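Notes to accompany the following structure.
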Amino acid sequence: MTDKAAQGQQPGGGAAEEIGAKGPDELRRQIERTRSELGDTVEELAEKMDVKGRARARAADLRDKAGAMTVQLRSSAAHAGHVVQERASHAGHAVQERASHAGHLVQDKASRTGHTAQDTVTRTGHTLEHRAEHGVPWPARPVVQAAIRHPRPALAIGAAVGLVVVVAWRYPRR
């Protein structure tokens, strides 16, 4: 006997006085309702007694949760990988931009220095030509002017003459 019947209530919720049916159709409905409630109660009890089934259901729930957790962790790892890749890319671009800027600064400074040196050499050349024309005596003037116009051969000849002088001084004839 269920607790409801012990308290004087029928399974449908009515009081004990209402147990009597007012006709065969009413009686059939009460019987059907009682069978349905009894079937539900038996199913609930069977579910509670089915330890293996409950364990399987719990295991399936845990597998589902683990699968969802795996998907979430993979997604988080992929996102973290993208974030790291993006930051590394930004850092690489920043370094490249700084290096390019530094290269341009060095190039500009080298260009200015080259122009300054070229201007200095040109002025020095003009000064030497002026002195060669006006400050060197006539017999040496054409030689000096040729040396100014063609410095490489003049340097080679000067080095050779210097070498002869050093060898002659170092190894005098006896």
Side-chain angles (χ1 to χ4, degrees), residues 1-129 148-156 158-159:
M1 184 188 284
T2 64
D3 291 335
K4 291 179 182 178
Q7 293 173 356
Q9 293 182 349
Q10 64 183 18
E17 300 84 65
E18 297 178 13
I19 290 180
K22 297 185 181 173
D25 290 335
E26 178 76 25
L27 184 59
R28 282 188 194 106
R29 275 183 284 197
Q30 286 178 0
I31 290 171
E32 193 59 38
R33 187 173 42 237
T34 304
R35 279 185 188 160
S36 176
E37 291 173 0
L38 183 59
D40 292 343
T41 304
V42 168
E43 283 180 20
E44 289 175 13
L45 288 173
E47 286 178 13
K48 288 183 181 180
M49 296 304 293
D50 186 15
V51 176
K52 285 184 182 179
R54 287 190 353 208
R56 284 188 198 120
R58 178 74 175 141
D61 287 344
L62 291 175
R63 272 194 305 271
D64 291 345
K65 286 181 182 179
M69 184 75 70
T70 301
V71 169
Q72 185 179 5
L73 287 174
R74 284 182 182 165
S75 175
S76 296
H79 178 69
H82 289 302
V83 168
V84 167
Q85 183 179 11
E86 186 176 321
R87 287 182 182 170
S89 176
H90 285 304
H93 288 303
V95 168
Q96 185 178 11
E97 187 175 318
R98 287 184 194 134
S100 176
H101 181 68
H104 288 298
L105 290 177
V106 168
Q107 184 179 10
D108 289 345
K109 195 165 197 166
S111 176
R112 277 186 263 131
T113 304
H115 287 299
T116 303
Q118 188 176 12
D119 290 344
T120 303
V121 167
T122 302
R123 272 186 270 129
T124 305
H126 289 305
T127 303
L128 287 176
E129 284 179 7
I148 291 172
R149 282 189 216 113
H150 307 290
R152 286 188 184 155
L155 287 174

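None of these values were measured; they are calculated from a predicted model. Along the sequence shown, residues are numbered consecutively beginning with 1.
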Could you list the donor-acceptor pairs under 3.5 angstrom formed between side-chain atoms of residues 84-107 and any protein atom two or more places apart in sequence or on another chain?
unit_1 : atom_1 : unit_2 : atom_2 : d
S89    : OG     : H93    : NE2    : 3.4
S100   : OG     : H104   : NE2    : 3.4

Residues passing the side-chain hydrogen bond (donor to acceptor under 3.5 Å, both in side chains) test with R28, sequence neighbours excluded, are D25
Under the side-chain hydrogen bond (donor to acceptor under 3.5 Å, both in side chains) test, which residues partner D119, sequence neighbours left out? none
Hey, are E26 and R29 close enough for a salt bridge, meaning a charged N less than 4.0 Å from a carboxylate O? yes
For the atom pair CG (D40) and CG (L45), what is the distance rounded to the nearest 0.5 Å? 11.0 Å
For a 4.5 angstrom cut-off between non-hydrogen side-chain atoms, does L155 reach R152? no
I31: side-chain contact (heavy atoms from CB on, under 4.5 Å) partners, not counting sequence neighbours: L27, R35
Which residues pass the salt bridge (Lys or Arg N to Asp or Glu O under 4.0 Å) test with R149, not counting sequence neighbours? none
Would the distance check show the side chain of T122 and the main-chain N or O of Q118 forming a donor-acceptor pair, the cut-off being under 3.5 Å? yes
Considering only distance and modelled atom types, tabulate donor-acceptor pairs under 3.5 Å from the side chains of residues 54-77, sequence neighbours left out.
unit_1 : atom_1 : unit_2 : atom_2 : d
R54    : NH1    : K48    : O      : 2.9
T70    : OG1    : A66    : O      : 2.8
S76    : OG     : Q72    : O      : 3.0

For the CD atom of E37 and the CD atom of E32, what is their distance to the nearest 0.5 Å? 11.0 Å
